[in-house]
There are 2 protein chains.
Amino acid sequence: MFQSGWFTRCATSIPAKGPPLTRNGRAPSVKDVAAAAGVSLGTVSNVLNRPSVVSTTTRERVERAMAELGFVRNESARQLRAGTSRALAYVMLDGGNPFFHDVAEGIETAADDADLSLFVCNSSSRSDREAKHLDRLVQQRVQGILITPVDPDAPHLAEIAQRGTPFVMVDRLSRAGDHCSVSVDDVLGGRIAVEHLIDRGHQRVAFVGGPAGIGQVRERLQGAREVWAEFGLPADDLINLSTEAMTVNEGRSAGERLAGLPSRRRPTAAFCANDLLALGLLQHAVTAGLRVPEDLAIVGFDDIDFAAAAAVPLTSVRQPRQELGRTAARLVLDEATNPDHVHEQATFVPALVARASTGTARRK
Amino acid sequence: MFQSGWFTRCATSIPAKGPPLTRNGRAPSVKDVAAAAGVSLGTVSNVLNRPSVVSTTTRERVERAMAELGFVRNESARQLRAGTSRALAYVMLDGGNPFFHDVAEGIETAADDADLSLFVCNSSSRSDREAKHLDRLVQQRVQGILITPVDPDAPHLAEIAQRGTPFVMVDRLSRAGDHCSVSVDDVLGGRIAVEHLIDRGHQRVAFVGGPAGIGQVRERLQGAREVWAEFGLPADDLINLSTEAMTVNEGRSAGERLAGLPSRRRPTAAFCANDLLALGLLQHAVTAGLRVPEDLAIVGFDDIDFAAAAAVPLTSVRQPRQELGRTAARLVLDEATNPDHVHEQATFVPALVARASTGTARRK
DNA sequence: CGAGGGCGTTGAAATGTTTCAGTCGGGGTG
DNA sequence: CACCCCGACTGAAACATTTCAACGCCCTCG
């Protein structure tokens, strides 16, 4: 059946499954339960949805029947009739980046509080997969969709928002802001990071990030430039090392390019647009025999757990990852349930977390 | 509405959503489409499900009507009537561990090929959350459930398998094997890792992992002990450093305990039961001024991407993460569709990936 | 000219719930 | 004793789709 270079299969041939659990082969329905308990179908439904209106004795009888038959409510039928789903969905941009997992966890806590399921999808930064997921979610009639999109201005996103499905953009902003969003002030984040480096005495700094099409990369770079200029430092000494993606690999290759610069142009510090890049850069630096932070200081962005866990713990600009998710979930729920909902663009303030990768304070 | 220490809200008060997209406030149904296109309701369904049986001209008319009305098929109704869902689900053990994300990605590729959605849930190693997710998934009547369980022998898992829902255990094995499973030979993995360390000349090695309740930890340790004995090394020199979880933090604290050992008992190498522990240990070693691998060699397990990305790239025992997921998905699909399905316990063979954290080959 | 046969379309039944207007006794009140 | 109300339960309608037997029509062949 399968062929694959390196696995063995110990087929412990257990032939088939046990007997079908109910007489006619179908899963038991409320009707079956009602028959078994000797009550009407409506009563069973009441036990399920309004237990208080049914007398204790019949309720117990019905519950016993359910247990005996192994009844499980059919959610499709429930949803069809009730017209309302019990689920939220989050379409994350890159499951390989722990940042998004943390956001998802924040969403899930809020969903849990509202007693909703959360479906997590992963577009892996591919627009086609994103579209497919969105299609399916709309067909499922989920109560709300949270998404960190590949392209915040893609037309299929606008469609969904206009269709009336509650919709919140997470960690991104679209030009046309006719929906809720939750994000972080990236310009400020860039400022904080570079101000910290300047504060540590660095006069030549690399910005590592890209592609430039990503709004956050642009804004973090803008913040960096602003503060650089405010300190009166020459623009040429803030070197833009553009990458093709925000991955560890790209961080490593940025490190190579950085090492290739003539020594009088070589920066003494790097500000990376996310922590994955920073980890890659750190790895390259260490293997190249550079000391961090003495030869090269590094600042990352996001403050994922792996940043603190690096061999040289990374200084990073923290985003409130879980809080981002929680807030997004609350907004989407508000839109779903509150008739006079007002779209909001919530913006969080990032904060610097200084660790070993930028050394200890250096007095002026 | 919200209060939270550190975020500002720029509410761009866009009052409400646009007009309801269909006349009566409800989403348009096949009936509406049929009316708009001047055909019967059955024909619309045919366009949706068997486009070939309907003439080109009417098909186009119907499709135009759908587009104009913004019709989206209601999946609940479809599923209720058709009796079959279009989704698989994976309940992962720990979303914070990239290993499981890679498994999920493998599952998703297989699901995609079968044109199914994949719902990813995360139990965060909590049994109650796992149970809640399973409940919901059974209610949804998903086609199959894949799970890396908190406890492979928990009774609620057996219930599901017996209920007839296709069910595959991923990266775990239960005592009662009346269902499919996909896993890796962990004893062999332990052997490989420790043999590699012995090969590099180490005579005192720590095993870092726990709690011992986890089957994999036991088996990896067992493999380590087997090969240790086979080489005639004294059992006392394979030191068991038990941890309370498989996290970076625990790895770090294991490092502290390791450093606290009297120097003649102190191991020259450590085999960690997963990469997170190894990363934590590596971090502790580096901050404590130890050289890796000269003063302490480290082997991890899983070979997550962050292992290769560490400052000192980690030697690790690779599991075929994506392949694990793909195979699991194929098994669950076989169980779902093939009437004479046979339960299989697929076992993969792990492989050592040697990197800098164990140094270069040392001739005997 | 009638029979037969595709092809394209139709209409109704069925899926498992929830909801809601009723029904049925029984007990309290006037 | 009549009245009313209340609590507990019932039965049917509705939800949006799929499926399938049946139907009409046109064409072809005998």
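Each chain gets a letter, A, B and so on, in the order the sequences are listed, and its residues count up from 1.
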Chi angles and distances behind the side chain to side chain contact (heavy atoms under 4.5 Å, CB included) call for B:Ile147, B:Leu134: CA-CA 9 Å; B:Ile147 184 171; B:Leu134 288 174; 4.1 Å; yes

Step-by-step side chain to side chain contact (heavy atoms under 4.5 Å, CB included) determination, B:Ile145 to B:Val138: CA-CA 9 Å; B:Ile145 296 183; B:Val138 176; 4.2 Å; yes

Verdict with supporting geometry, B:Leu118 and B:Tyr90, side chain to side chain contact (heavy atoms under 4.5 Å, CB included): CA-CA 7 Å; B:Leu118 176 68; B:Tyr90 177 46; 4.2 Å; yes

Trace of the side chain to side chain contact (heavy atoms under 4.5 Å, CB included) decision for B:His341 with B:Cys180: CA-CA 10 Å; B:His341 165 84; B:Cys180 288; 3.3 Å; yes

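Across all strands, A:Ser76 comes closer than 4.0 Å to no nucleic acid atom at all (heavy-atom distances).
With a heavy-atom cut-off of 4.0 Å to chain B, the contacted part of DNA chain D has its first and last nucleotide at D:dA16 to D:dT19.
Note on the helix from C:dC1-D:dG30 to C:dG30-D:dC1: angle between the axes of the first and last five pairs equals 50°, rounded to 10 degrees.
With no hydrogens or angles considered, no side-chain donor-acceptor pair links B:His179 and B:Glu335 at under 3.5 Å. A donor-acceptor pair shorter than 3.5 Å can be found between the side chains of A:Gln345 and A:Ser181. B:Asn49 and B:Arg78 are not linked by any side-chain donor-acceptor pair at a separation below 3.5 angstrom, with hydrogens and angles left out of the test.
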Nucleic acid footprint by protein, nucleotides 10-21 of chain C - heavy-atom cut-off 4.0 Å, B for base, S for sugar-phosphate alone: BB-BBBBBBB--

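Considering only side-chain N and O atoms, B:Thr58 lies nowhere under 4.0 angstrom from the phosphate OP1 or OP2 of C:dG8.
Checked for salt-bridge contact, A:Arg136 and B:Asp115 meet the test: a charged N lies under 4.0 Å from a carboxylate O.
A:Leu157 has its side chain within reach of A:Glu130: a pair of non-hydrogen atoms, C-beta onward, lies under 4.5 Å apart.
When each of A:Leu146, A:Asp334, A:Leu88 is checked for a side-chain contact (heavy atoms from CB on, under 4.5 Å) with A:Val168, only A:Leu146 meets the rule.
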